[in-house]
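Small disclaimer: the values here were computed from a predicted structure and weren't measured. Lettering follows sequence order; numbering is per chain, from 1.
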There are 2 protein chains.
Amino acid sequence: MSPKPMVRPGGRSARVQESVHAAVRELQAELGREALTVPLVAARAGVTPSTVYRRWGDLQELLSDVAVEHLRPEEPPADLGSLRADLEAWAEQFLDEMASPPGRAYIRDALLGDPDGSNAGQCSAYAADQIDVVLARAAERGESAPDVERVIDRVVAPMMYRILFRPGELDAAYARALVEHALSLSKP
Amino acid sequence: MSPKPMVRPGGRSARVQESVHAAVRELQAELGREALTVPLVAARAGVTPSTVYRRWGDLQELLSDVAVEHLRPEEPPADLGSLRADLEAWAEQFLDEMASPPGRAYIRDALLGDPDGSNAGQCSAYAADQIDVVLARAAERGESAPDVERVIDRVVAPMMYRILFRPGELDAAYARALVEHALSLSKP
DNA sequence: CGCCTAGAAGCAATGAAATTGCGTTAAGGA
DNA sequence: TCCTTAACGCAATTTCATTGCTTCTAGGCG
């Protein structure tokens with residue numbers, strides 16, 4: 001009845017995992033992402049390189065894992081009283097975080113060491129969950145609200161496309177315009 | 001920035017560049033992207049590894065350059081007689097190519113080895129150029145047509161977002177629906 | 001409560017790749 | 001044609017990635 005643990009959840013394994021993740025975060029802050037290597041991270045974490053290779057395969061997968069943690073939202077979106085206000089605030093914050101140099105770096109890392117796309121999917125799921133909260137709140141208020149998929153197509157996707165493919169001017173006004181559009185015709 | 005534009009345009013340098021690019025293409029086809037290394041590519045190209053390192057910095061930047069070449073459209077979009085038909089056909093083909101495993105691999109490579117984002121910007125410019133042709137043709141016909149930026153936000157960005165972050169079902173019907181929406185409210 | 005088993009980490013050797021100094025070649029301009 | 005200098009080749013060195021084998025320990029069982 002106990003599920004056989006594919007990864008041992010507690011004890012030394014957990015300690016090693018946390019230690020390695022912490023080492024990555026520290027070294028990223030100190031030396032930058034370019035300077036990271038597996039032996040370096042392992043030394044900082046107090047483990048041997050082979051442990052890292054066996055558990056994560058290579059440096060990129062490890063960085064991808066850590067990046068996804070950085071990309072996880074820390075709080076539910078604020079409740080400002082209306083769907084439009086909530087969505088605008090969320091979109092502005094999202095754009096702000098994701099378009100920043102560290103945000104862009106995390107997105108790239110998350111996409112990079114991700115053979116099966118599960119980490120990228122996780123990132124998308126984070127955004128979808130946040131939007132879900134906003135939309136559910138709107139529904140409770142009795143506001144008519146669009147579909148989550150629609151908000152992703154019309155708000156999240158354009159922002160992310162520009163972040164990734166069009167390094168340049170991206171401001172809160174753009175985010176607000178996207179939200180406006182997403183809400184303007186949400187009743188087909 | 002990739003050192004491509006400022007290298008000596010003719011003679012040996014050009015020959016080396018072409019030779020290295022060809023080697024990457026061949027080895028990608030023969031062994032897959034995972035198996036590529038700088039010494040391997042250099043050997044196939046008939047140059048020394050140091051040449052590759054000095055010119056491209058590392059393997060990812062080289063792969064990024066080659067990937068952008070793969071992503072360049074080979075023909076102008078077909079003229080099917082109407083804006084809607086043209087855009088639908090273009091979007092379907094775009095989705096088809098980009099969502100395929102090799103297409104996804106090229107997109108990833110183009111994004112990854114791209115410190116300043118110039119290669120990613122080039123990819124976006126390719127799509128924008130193609131859309132521009134379609135829209136200009138529509139204008140000549142007297143059709144009312146949306147803005148290029150609008151088409152990118154509403155057609156290209158959603159497709160690309162799903163390709164990158166949501167590995168899963170993506171079909172021509174989805175592309176058509178996006179085109180429909182982009183055109184439905186674009187007649188000011 | 002202590003044994004058993006298997007998964008996880010450590011150690012160490014090996015092969016390959018990244019990196020760099022230095023000499024040589026040839027592209028582009030005077 | 002000559003001259004300057006970017007670009008290339010060669011080779012040595014350092015570092016990294018990879019893997020067989022050993023040791024340790026978490027979790028289950030008698």
Bend across the helix from C:dC1-D:dG30 to C:dA30-D:dT1, to 10°, with axes taken over 5 pairs at each end?
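Both end axes considered, the difference amounts to 30°.
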According to ring-ring contact (aromatic ring centres under 6.0 Å, His included), who are the partners of A:Tyr174, at least two apart in sequence or on a separate chain?
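ring-ring contact (aromatic ring centres under 6.0 Å, His included) list for A:Tyr174, sorted by chain: empty.
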Mind checking what makes ring-ring contact (aromatic ring centres under 6.0 Å, His included) contact with B:Tyr53, not counting sequence neighbours?
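For B:Tyr53 there are no ring-ring contact (aromatic ring centres under 6.0 Å, His included) partners, ignoring immediate neighbours.
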Looking at DNA chain C, which of residues 30-50 of chain A put a heavy atom within less than 4.0 Å of it?
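Output list: A:Gly46, A:Val47, A:Thr48, A:Ser50.
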Transitive ILVMFWY cluster of B:Leu112 at side-chain heavy atoms under 4.5 Å: who else is in it?
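B:Leu112 shares its hydrophobic cluster with A:Leu112.
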Gap between atoms [atom1] and [atom2], on [X] and [N] respectively (whole Å):
X: B:Gln17; N: C:dA26; atom1: CD; atom2: P; result: 19 Å
X: A:Tyr53; N: D:dG20; atom1: OH; atom2: P; result: 16 Å
X: B:Leu62; N: C:dA17; atom1: CG; atom2: C1'; result: 15 Å
X: A:Glu61; N: D:dT18; atom1: CD; atom2: P; result: 11 Å
X: A:Trp56; N: D:dC16; atom1: CH2; atom2: C1'; result: 18 Å
X: B:Leu59; N: D:dA17; atom1: CG; atom2: P; result: 14 Å
X: B:Arg54; N: D:dG9; atom1: CZ; atom2: C1'; result: 9 Å
X: A:Gln60; N: D:dC16; atom1: CD; atom2: P; result: 16 Å

Could you tell me how the ring of B:His21 sits relative to the ring of B:Trp56: parallel (under 30°), tilted (30 to 60°) or perpendicular (over 60°)?
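Geometry flag for B:Trp56 against B:His21: tilted rings.
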Assign the ring pair A:His70 / A:Tyr106 to parallel, tilted or perpendicular, where the plane angle (0 to 90°) is split at 30° and 60°.
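Rings of A:His70 and A:Tyr106: parallel, as their planes differ by under 30°.
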Ignoring backbone atoms, establish whether B:Thr51 has a side-chain N or O less than 4.0 Å from OP1 or OP2 of D:dG9.
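Answer yes for this pair, as a side-chain N or O of B:Thr51 is under 4.0 Å from OP1 or OP2.
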Salt-bridge test for [X] and [Y]: reply yes if a basic N is under 4.0 Å from a carboxylate O, no otherwise.
X: B:Asp153; Y: A:Arg154; answer: no
X: A:Glu30; Y: A:Arg25; answer: no
X: B:Arg162; Y: B:Glu169; answer: no

Got a sec, which residues hit side-chain hydrogen bond (donor to acceptor under 3.5 Å, both in side chains) with A:Arg72, two or more places apart in sequence or on another chain?
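Expected list: A:Tyr126.
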